[in-house]
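We name chains A, B, ... by the order of the sequence lines, and we start the count at 1 in each one.
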Amino acid sequence: MSLNPAQQEAVNTLSGPMLVLAGAGTGKTRVVMHRVVNLIRHGVAPSRILAVTFTNKAAREMQHRAAELLGKRQSQAKPEISTFHSLCVRILRRQIHHLGYPSQFAIYDRGDQESVARAALREIRVSETTMRPGDLIQVISRWKMAGIDPTRAGSVAQSDKEHLAAAGYRRYQNALKAAGAVDFDDLLGLTGEVFSRHADVRREEAARFDHVMVDEYQDTNAAQYRIVKALAAEHRNLCVVGDDDQSIYAWRGAEVTHILRFKNDWPDAKTVRLETNYRSTRQILDWSNRLIAFNKVRHAKVLRATASGEEPRILQVQDETAEAKLVVEEIARAVAARRARHGDFAILFRTNEQPRPFEDELRRAKVPYVLVGGTSFYDRKEIRDVLAYLKLLVNPRDEISLLRVINTPGRGIGQTTVTRLVEAAVGQGKPVWDALANAEQYGCVSPAVLKAIGAFRELIGRYRKLSKAGPLVDMVRSLVDEIGYRDELARLYPNPDDVQTRWASVEEVVNAVGGYCQRESRPTLSGFVQEVALGDRDTSDDKESRLAGDAVALMTLHSAKGLEFPAVYMVGMEEGLLPHKRSIADAAGAIDEERRLCYVGLTRAERRLTLTMALTRRKWGKARPTLPSRFLYEITGQADNPNYLASVRKAPGGAAPASNNSRQTGRQ
DNA sequence: GACTCGAGTCCCGCC
DNA sequence: GACTCGAGTC
């Protein structure tokens with residue numbers, strides 16, 4: 001397919017700032033990729049080109065397409081295509097020492113963050129009923145994204161809760177720094193900080209590239225915005241691509257204003273609008289346009305369809321099991337009749353609890369599927385245990401990992417001992433790891449425990465050396481073996497099948513290390529651990545990609561952004577799910593974002609679009625009645641239907657509407 | 001220090 | 001329904 005004039009313009013403008021305002025399905029990824037190729041064709045070295053995405057999935061997709069387009073031309077050198085977070089990790093590995101962190105810093109994921117937050121709350125004597133670790137993390141994250149450091153948090157805190165959080169923030173941040181660790185927000189924030197504090201560092205990093213492209217620019221938050229500006233300041237070859245109607249990350253600080261005021265930041269910027277939609281049928285676009293028009297604050301766009309097709313459907317079922325059955329049966333039937341392939345289908349949902357019944361049905365029907373995103377693999381206990389060992393080998397100051405493995409599997413260092421050691425370490429302002437060396441000084445530690453501590457230190461020290469010397473895979477395998485992790489699993493899980501599956505995931509970690517070592521020219525354990533923390537899953541282990549070749553895709557609406565499928569099922573179209581109950585309770589703007597999220601879902605579909613809703617949905621063990629999503633009424637042009645108003649007003653999970661007829665929300 | 005049992009809590013979305 | 005946490009017991 002050749003490029004249309006607008007796309008052509010975006011592809012051919014190779015220098016200077018440019019804003020590409022692209023509606024859904026107008027080929028914006030295509031434009032970015034062709035620009036990359038065009039730049040290379042004009043003699044720009046691939047390594048001088050940086051393209052930034054938000055999700056790993058988008059980065060992988062782009063890398064893949066770039067390789068395809070470039071073909072034999074440049075098989076060696078590749079443009080740098082990565083997420084903001086992995087870009088920042090690379091920058092920080094080189095530069096974070098300027099801020100007093102070790103170069104091999106640990107990245108704390110959500111679980112680690114919670115542990116740190118829990119400890120911080122304990123320190124300031126706030127009970128978890130007053131403030132849960134998750135709440136604290138949320139406030140801290142908001143502050144970090146706004147560039148507020150712990151010293152300033154106290155002055156911006158408004159409520160009592162925020163004052164507590166400000167105190168918690170100080171402890172939290174101190175603990176991270178003491179452990180030589182950063183959280184996800186720090187990755188962006190510290191990169192910005194090192195740039196603003198050290199002009200030479202900024203120039204050095206900016207000088208690595210001559211061209212910068214940012215996809216989904218409407219989703220940049222303040223920190224990302226600063227980083228983009230810092231990297232493009234000199235060469236000014238900055239091309240950003242986005243669509244304000246698809247801004248769905250306000251909850252992590254994204255500001256649509258960045259894309260709206262691009263022309264102010266870069267006055268000589270060229271603007272290109274892409275408005276021809278090549279993806280969806282006219283019928284699907286009609287629904288999408290009708291929906292998004294309910295958002296009052298937006299840049300009106302005219303999306304022109306290029307194809308016509310069948311009317312989308314709304315289906316109503318009894319409960320979530322019936323919903324899964326219906327969808328999976330339809331898919332299986334279509335594939336059996338050779339009308340479609342498994343890979344043509346995507347099942348999109350709002351929350352991560354929704355895919356479960358679908359997975360059950362898909363397995364039962366022997367339909368291949370890929371559950372995209374969902375950090376479930378790395379959330380498993382056994383994976384976290386093994387990874388904690390690896391993280392500790394990289395960085396013995398990593399307290400969270402140390403505490404996780406110090407007595408896992410049990411080696412006789414009990415809770416009492418650990419508490420005593422932690423208190424001693426905190427008292428002296430030293431890492432717990434150092435306290436282990438002088439455990440006997442802290443009294444009340446029996447000879448047996450001392451011996452266990454000594455053995456543990458020896459173990460970690462020895463494997464630390466091995467991790468720097470020999471092949472990583474062998475090291476990990478031997479470590480897992482030596483700590484007797486398999487026996488530990490057998491002890492914990494009486495059912496041999498459980499032991500088997502859990503041991504299989506431990507093997508997966510070993511495989512992941514192997515995959516990492518294969519594609520990295522200079523593999524290091526810290527590199528692997530950081531990659532894992534970013535969720536940058538193993539792509540060379542082509543199990544996923546092979547499966548993805550012809551498997552039904554299951555994913556959240558958020559991770560579906562940027563993708564397209566011949567047939568899309570949007571499931572759980574109910575008040576409380578989409579829009580989510582938290583957004584219903586929130587300020588007015590939150591519903592608009594849910595609507596954009598719904599819009600993103602609708603516009604993923606090329607030819608077939610099906611929305612489903614269940615009359616009851618099981619929650620915390622009980623089936624509860626639901627209300628149809630208000631978006632169903634808006635989509636079908638029934639916003640004057642009295643039930644629409646009921647949806648809008650009713651709290652989720654409330655009583656069922658008066659009659660069953662009220663649930664006839666659309667064509668069946 | 002390890003284990004069992006019952007009460008209480010529970011989650012939006014992503015890197 | 002699933003999981004965590006704390007109290008109580010060995």
Side-chain angles (χ1 to χ4, degrees), chain A residues 52-59 82-89 107-111 113-114 118 127-129 132-135 137-138 141 145 182-189 216 219-221 223-224 247-254 320 348-354 356-357 372-376 378-379 381 407-419 446 448-449 452 491-492 494 530-537 555-562 572 576-586 590 593-594 596-598 600-601 617-624 652:
Chain A
V52 190
T53 65
F54 279 77
T55 63
N56 288 313
K57 187 136 181 86
S82 60
T83 61
F84 266 106
H85 287 81
S86 48
L87 173 71
C88 288
V89 168
I107 302 171
Y108 276 5
D109 64 17
R110 179 70 194 201
Q113 280 180 276
E114 285 203 3
R118 187 166 291 125
S127 82
E128 289 198 16
T129 45
R132 281 166 304 177
D135 300 338
I137 293 169
Q138 213 173 341
S141 170
M145 278 179 311
V182 305
D183 63 21
F184 285 110
D185 298 312
D186 286 339
L187 288 175
L188 303 173
E216 312 285 13
D219 285 328
T220 44
N221 64 27
Q224 290 159 330
S247 168
I248 54 174
Y249 285 104
W251 52 273
R252 60 174 201 202
E320 68 278 349
L348 308 183
F349 40 84
R350 176 68 175 87
T351 73
N352 277 320
E353 71 195 338
Q354 284 170 265
R356 272 200 196 187
V372 177
T375 48
S376 54
Y378 291 105
D379 278 346
K381 176 188 157 17
N407 203 33
T408 309
R411 51 171 67 85
I413 309 175
Q415 196 51 57
T416 332
T417 310
V418 171
T419 313
S446 72
V449 174
R491 195 183 61 82
L492 284 176
Q530 289 178 342
E531 189 173 281
V532 166
L534 292 174
D536 202 356
R537 286 283 297 281
M555 65 183 94
T556 63
L557 290 165
H558 280 93
S559 34
K561 191 163 69 155
L577 271 180
L578 187 68
H580 192 270
K581 62 171 185 298
R582 296 272 269 257
S583 304
I584 296 174
D586 275 2
E593 177 146 324
E594 296 286 315
R596 288 193 291 270
L597 196 49
C598 185
V600 165
R617 193 167 289 272
R618 196 164 275 280
K619 182 145 205 215
W620 296 337
K622 269 209 188 99
R624 292 158 204 273

Report yes if at least one side-chain N or O of [X] is closer than 4.0 Å to OP1 or OP2 of [N]; otherwise report no.
X: A:Thr55; N: B:dC14; value: no
X: A:Thr417; N: B:dG1; value: yes
X: A:Thr556; N: B:dC14; value: yes
X: A:Lys581; N: B:dC12; value: yes
X: A:Asn352; N: B:dG13; value: yes

Please enumerate all protein N or O atoms sitting under 3.5 Å from an N or O of nucleotides 2-9 of chain B, with distances to 0.1 Å.
residue	atom	partner	partner atom	Å
B:dC3	OP1	A:Arg491	NH1	2.7
B:dC3	OP2	A:Arg491	NH1	3.0

> Of A:Glu353 and A:Ala533, whose nearest nucleotide on DNA chain B comes first from the 5' end?
Replying inline: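 Of the two residues, A:Glu353 wins.
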Take the protein atom [atom1] of [X] and the nucleotide atom [atom2] of [N], then report the distance between them rounded to whole Å.
X: A:Leu187; N: B:dC15; atom1: CG; atom2: P; result: 13 Å
X: A:Leu597; N: B:dC14; atom1: CG; atom2: C1'; result: 12 Å
X: A:His558; N: B:dC15; atom1: NE2; atom2: C1'; result: 13 Å
X: A:Asp135; N: B:dC12; atom1: CG; atom2: P; result: 11 Å
X: A:Arg110; N: B:dC12; atom1: CZ; atom2: P; result: 10 Å
X: A:Lys57; N: B:dG13; atom1: NZ; atom2: C1'; result: 17 Å
X: A:Met555; N: B:dC12; atom1: CE; atom2: P; result: 22 Å
X: A:Arg252; N: B:dC12; atom1: CZ; atom2: P; result: 17 Å

> If only atom types and distance count, is the side chain of A:Asp183 paired as donor or acceptor with the main-chain N or O of A:Asp109 below 3.5 Å?
Replying inline: no
>> Looking at A:Glu114 and A:Gly111, would you say the former's side chain and the latter's main chain have a donor-acceptor pair under 3.5 Å?
In response: no
> Checking side-chain contact (heavy atoms from CB on, under 4.5 Å) against A:Glu320, which of A:Gln354, A:Arg356, A:Arg617 comes through?
Replying inline: A:Arg617
Residue list, ring pair (Phe, Tyr, Trp, His ring centres under 6.0 Å) with [X], at least two apart or on another chain:
X: A:Phe84; result: A:Phe54
X: A:His580; result: none
X: A:Tyr249; result: A:Trp251, A:His558

> What is the nucleic acid contact for A:Ser86, judged by heavy atoms within less than 4.0 Å: base, sugar-phosphate only, or nothing?
Replying inline: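 Here A:Ser86 touches no strand at all.
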> Which is true for A:Phe84 with a 4.0 Å heavy-atom rule: it touches a base, it touches only sugar-phosphate, or it touches nothing?
Replying inline: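 No contact at all - A:Phe84 keeps every heavy atom at 4.0 Å or more from the nucleic acid.
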> Which residues pass the side-chain contact (heavy atoms from CB on, under 4.5 Å) test with A:Ser86, sequence neighbours left out?
Replying inline: A:Ser82, A:Thr83, A:Arg90, A:Leu534
Please state the [atom1] separation for the pair [N] and [M] - nearest whole angstrom.
N: C:dC3; M: B:dC14; atom1: C1'; answer: 23 Å
N: B:dC11; M: C:dG6; atom1: P; answer: 15 Å
N: B:dC12; M: C:dC5; atom1: C1'; answer: 25 Å

Nearest atoms (heavy-atom pairs only) where [X] meets [Y]:
X: A:Glu594; Y: A:Ser583; value: OE2-OG, 2.7 Å
X: A:Ala452; Y: A:Ile413; value: CB-CG1, 3.8 Å
X: A:Arg252; Y: A:Met145; value: O-SD, 2.5 Å

Please write out each protein N/O paired with an N/O of nucleotides 8-10 of chain C under 3.5 Å, distance rounded to 0.1 Å.
none

Can [X] be said to stack with the base of [N], given centres closer than 5.5 angstrom and planes under 30 degrees apart?
X: A:Phe184; N: B:dC14; answer: no
X: A:Trp251; N: B:dG13; answer: yes
X: A:His580; N: B:dC12; answer: yes

>> Check this for me: does the side-chain of A:Arg582 come within 3.5 Å of the base of B:dC12 through a donor and an acceptor?
In response: no
>> Assess the residue pair A:Phe349 and A:Leu557 against the criterion (side-chain contact (heavy atoms from CB on, under 4.5 Å)); give the C-alpha distance rounded to whole Å, side-chain angles, the decisive distance to 0.1 Å, and a yes or no.
In response: CA-CA 6 Å; A:Phe349 40 84; A:Leu557 290 165; over 6 Å; no
>> Starting the side chain at C-beta, find the nucleotide from B:dC12, B:dC15, B:dC11 nearest to A:Thr351.
In response: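 It is B:dC12.
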